[in-house]
Amino acid sequence: MLHRLLIAFLAALPTAVQPAFAQSPGLQGAEGSKMREQEWRIPAAGGSPLMIATVFRPPCDGRAPLAVINHGSPDNSAMRPTMKRPQFTALATYFVSYGYVVVLPLRRGYGATGGRWAEDYGRCDTPDFVGAGLATASDIQATIDYMREQPFVAADRTVVVGQSAGGWGTLALSSRNPAGVPAMIDFAGGRAGHQALPGGVCAPDLLVKAAAKYGSTARVPLLWITTENDSFFSPALVQRMVDAYRAAGGNVTHRALGPFGRDGHALAGSDSGARIWSPLVTEFLKDR
């Protein structure tokens with residue numbers, strides 16, 4: 001009788017109520033077979049909400065260096081709530097093969113993480129690209145801080161990688177020179193691409209100015225990888241951003257590649273792209 005009453009009570013709960021298990025930070029369930037895949041909940045900047053995240057681990061159980069891989073933002077805002085846990089299979093496989101623990105957080109305002117979207121840059125004619133990138137950087141830093149508390153993560157060796165808006169957040173984080181981060185990698189970083197404007201980008205001059213702002217304090221080595229046929233950010237605009245970042249003091253290595261597939265913006269997320277970027281990443285990370 002008591003069992004039936006309990007079942008009836010649980011069935012009557014509002015669907016928005018989540019089990020306590022899903023509301024607690026940390027590991028959420030068993031390890032998968034693919035690179036020990038795990039689902040985690042990680043406190044975002046400020047402590048909430050809990051970011052849903054994918055974690056991959058190498059075979060060993062000792063402390064391993066950390067790689068944080070950061071997703072982009074869809075140009076259609078209606079797609080943000082439907083985003084799934086990021087995978088970036090080729091990038092994750094690469095870093096796990098080199099002995100890294102890999103974490104891929106789904107930041108505030110995206111998919112099941114929910115909460116307020118923190119990365120809004122405002123109006124297209126007066127965008128705050130600096131603030132938007134730093135909001136992304138704050139969630140990346142929160143991920144680093146939380147994962148470094150885990151017994152299988154080394155606290156002093158973290159590589160930060162980002163694509164598109166995640167690459168822009170990586171660039172922003174470089175301006176803060178986080179401790180224990182000897183290298184960062186930015187694939188096609190930027191914001192406000194695919195706009196119905198000449199050049200397809202909101203206020204490109206302000207995007208360049210924001211890159212210079214980040215570079216003025218950034219000293220951590222950064223590898224910036226771009227392609228000729230990126231539909232979001234043209235080679236000319238990318239070069240302006242790279243030059244501004246470097247001229248302001250940023251420690252950047254730029255690798256401008258030829259065209260990739262139908263849209264080079266997808267290089268980091270494509271399995272076939274690994275043969276192109278992996279030698280560049282290996283060379284960059286050597287001795288770091």
Are the charged groups of [X] and [Y] less than 4.0 angstrom apart, N to O?
X: E283; Y: R255; value: no
X: R240; Y: D205; value: yes
X: D61; Y: R36; value: yes

For the residue pair [Y] / [X], report whether a side-chain donor-acceptor contact shorter than 3.5 Å exists.
X: T113; Y: R85; result: no
X: D186; Y: T170; result: no
X: S73; Y: Y110; result: yes

Do you reckon [X] sits in the same ILVMFWY cluster as [Y], going by side-chain contacts under 4.5 Å, direct or chained?
X: L66; Y: Y98; value: no
X: V102; Y: I140; value: no
X: L104; Y: V181; value: no

Check against side-chain contact (heavy atoms from CB on, under 4.5 Å), I42 and D139
CA-CA 10 Å; I42 297 173; D139 278 350; over 6 Å; no
Nearest non-hydrogen partners of T82 and M79, listed with the distance
OG1-O, 2.9 Å
Determine whether the aromatic ring centres of residues F187 and W224 are separated by less than 6.0 angstrom.
no
Check: Y214 ring centroid to W168 ring centroid under 6.0 Å
yes
Counting only heavy atoms not in K84, do more than 12 sit closer than 6.0 Å to its NZ atom?
no
Are F233 and R191 close enough, and set up right, to give a side-chain contact (heavy atoms from CB on, under 4.5 Å), and what steps lead you there?
CA-CA 9 Å; F233 310 109; R191 291 300 307 271; 5.5 Å; no
Reported CH2-to-OG distance for the pair W117 and S77, which is rounded to 0.5 angstrom:
7.5 Å
Pairwise distance CG(N229) to NE2(H265) - rounded to 0.5 angstrom
11.5 Å
